[in-house]
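Residue numbering restarts at 1 for every chain, and letters A, B, ... go by the order of the sequence lines.
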Amino acid sequence: MPELPEVETVRKGLAKQLLGGAIENIDLRREGLRFPFPQELKERLEGSVIVSIDRRAKYLLIRMDSGFVWLVHLGMTGKFTLYHPNEKPSEFAKHDHVIVSMKDGTVATYNDPRRFGYMDLIKPDEEWTNRHLARLGCEPLSDDFDTANLCDKLKGKKNPIKIALLDQRIVAGLGNIYVCEILHRAGVSPRRLSSSIAGKNGKSTKMAKKIVDETKQVLREAIEAGGSTISDFATVDGDLGYFSHSFTVYGRDGEDCSKTNCVGIVSKIVQGGRSTFFCSKCQR
DNA sequence: AAAAGCCCCTGGACGC
DNA sequence: TGCGTCCAGGGGCTTT
């Protein structure tokens with residue numbers, strides 16, 4: 001469930017408490033999540049010190065002093081919960097699959113009912129060849145993601161823009177909710193062909209610029225709000241985010257379009273097997 | 001090569 | 001209260 005802003009919120013929460021700490025023990029309470037846990041995950045991480053916690057797209061990259069990187073994807077329902085040394089849980093909850101015990105007594109549990117999450121262990125200097133990271137497009141909040149970059153990626157594409165923006169090779173970190181919101185803010189129909197947004201002869205379109213601008217804007221707002229919440233996402237501290245109240249189209253089918261002067265009604269369609277919410281009046 | 005479809009999994013909401 | 005059905009924010013993999 002977590003999209004980029006939520007993962008960013010989790011990253012900050014984890015970093016705040018775990019940075020500089022040494023991992024004493026990792027308890028893998030099942031064989032794996034979506035994929036089996038890497039063979040050496042436990043032994044390579046135990047005893048290591050966490051030197052930084054970064055985010056790439058929706059992945060958490062927990063970097064060790066040994067040069068190894070612990071990659072974590074939260075899937076749809078992955079959640080970390082942190083316990084201070086003096087508030088260790090007496091027993092573990094259902095779906096607590098990974099328990100990380102730090103030398104200072106801090107405990108982090110990874111809970112994931114649907115087990116769509118996954119973990120990988122990246123050897124030193126092998127980040128750029130990792131199967132999850134190698135083909136990712138640029139970070140939407142970086143300067144690399146601009147109108148020219150987007151148009152270049154969309155050039156000649158015959159799929160709907162909604163599908164393209166969900167493709168992590170085009171731009172990395174957007175999910176279903178934020179793509180709906182971005183297209184609504186940008187006034188672009190989710191059904192519009194990607195190639196029509198790319199423009200012709202290297203000339204970009206106003207729609208592409210709107211999409212880029214609104215992408216950065218909505219992500220910044222959501223990160224600011226501490227990530228959004230729908231049903232079962234909580235930040236690493238257990239606090240809920242409030243950005244979900246700011247969704248203008250997601251989950252609002254049947255409601256009046258919230259755009260000033262627009263008299264449309266939000267509708268719900270299915271694209272690529274997933275729900276798209278949009279206003280056919282102001283999104284063209 | 002690109003696009004479309006399938007699948008992994010549990011739980012909550014809803015209808016009867 | 002107890003079913004059955006549908007749906008969920010992701011992405012890797014296979015098929016066309």
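Figure legend: cation-pi geometry between Arg56(A) and Tyr59(A) absent, as NZ or CZ is not positioned both under 6.0 Å from the six-membered ring centre and within 45° of its axis. Under the 6.0 Å distance and 45° angle rule, Arg131(A) does not count as a cation-pi partner of Tyr118(A).
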Polar pairs (N or O, both sides) under 3.5 Å between protein and nucleotides 10-12 of chain B?
unit_1, atom_1, unit_2, atom_2, d
dT10(B), O4', Pro113(A), O, 3.4
dT10(B), O3', His95(A), NE2, 3.1
dG11(B), OP1, Lys94(A), NZ, 3.2
dG11(B), OP1, His95(A), NE2, 2.6

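Closest to the side chain of Lys158(A), from the set dC9(B), dG11(C), dA3(B), is dA3(B). Of all nucleotides listed (dG12(C), dC9(B), dG9(C)), dG9(C) comes nearest to the side chain of Arg274(A). Residue Lys268(A) has its side chain nearest to dA8(C) when only dA8(C), dA3(B), dG10(C) are considered.
On the P atoms, dC6(B) is 15 Å away from dC6(C), given to the nearest whole Å. dG11(B) and dG11(C) have their P atoms separated by 22 Å, with the value rounded to a whole Å.
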Next item on the list: Go through the steps for Asp152(A) and Lys155(A) under the test salt bridge (charged side-chain N to carboxylate O under 4.0 Å, His left out), then give the verdict.
Entry: CA-CA 5 Å; Asp152(A) 187 54; Lys155(A) 206 169 42 189; 2.8 Å; yes
Notebook entry, point to check: Going through the distances and angles, do Asp54(A) and Arg63(A) end up as a salt bridge (charged side-chain N to carboxylate O under 4.0 Å, His left out)?
Noted result: CA-CA 8 Å; Asp54(A) 297 329; Arg63(A) 301 181 192 282; 2.6 Å; yes
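For dA8(C), one of the phosphate oxygens OP1 or OP2 lies less than 4.0 angstrom from a side-chain nitrogen or oxygen of Ser275(A). Proximity of Lys157(A) to the phosphate of dA3(B): a side-chain N or O atom is located under 4.0 Å from OP1 or OP2. Using a 4.0 Å cut-off, some side-chain N or O of His73(A) falls inside it from OP1 or OP2 of dG11(C). For dG9(C), the OP1/OP2 oxygens have a side-chain nitrogen or oxygen of Tyr250(A) closer than 4.0 Å. Taking 4.0 angstrom as the limit, Tyr118(A) places none of its side-chain polar atoms (N or O) nearer than this to OP1 or OP2 of dG11(C).
Note: CG (Leu60(A)) to P (dG11(C)) measures 12 Å, nearest angstrom. Between the CG atom of Leu166(A) and the P atom of dG11(C) there is a distance of 9 Å, given to the nearest Å. Rounded to whole Å, atom C1' of dG11(C) lies 14 Å from atom CG of Asn130(A). In this structure, Arg34(A) atom CZ and dG10(C) atom P are separated by 12 Å, rounded to whole Å. For the pair Glu3(A) CD and dG9(C) P, the computed distance is 9 Å after rounding to whole Å. The distance from atom CD1 of Ile177(A) to atom P of dC7(C) is 17 Å, rounded to the nearest whole Å. Separating the OH atom of Tyr178(A) from the C1' atom of dG10(C) is a distance of 15 Å, rounded to the nearest angstrom. Between the P atom of dA8(C) and the CZ atom of Phe277(A) lies a distance of 7 Å, rounded to the nearest Å.
In this pair, Phe116(A) lays its aromatic ring flat on the base of dC8(B), centres within 5.5 Å and planes under 30 degrees apart.
Under a 4.0 Å N-O distance rule, the pair Glu6(A)/Lys58(A) does not qualify as a salt bridge. The pair Glu24(A)-Lys103(A) does not count as a salt bridge, with every side-chain nitrogen at least 4.0 angstrom from each carboxylate oxygen. Electrostatic pairing of Glu224(A) and Arg220(A) does not count as a salt bridge here, judged by no charged N lying under 4.0 Å from a carboxylate O.
You'll find the side chain of Val188(A) reaches within 4.5 Å of the side chain of Ile211(A), heavy atoms only. Contact check for Glu31(A) versus Phe37(A): no side-chain heavy atoms found under the 4.5 Å cut-off. At a threshold of 4.5 Å between non-hydrogen side-chain atoms, the residues Ser267(A) and Cys279(A) do not count as touching.
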Check: Under a cut-off of 3.5 Å for both distances of each Watson-Crick or G-U pair, what dot-bracket string does DNA chain C give, using [ ] for crossing pairs and | for inter-strand pairs?
Finding: .|||||||.|||||||
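Counting atom types as modelled, Arg131(A) pairs no side-chain N or O with a base atom of dG12(C) as donor and acceptor under 3.5 Å.
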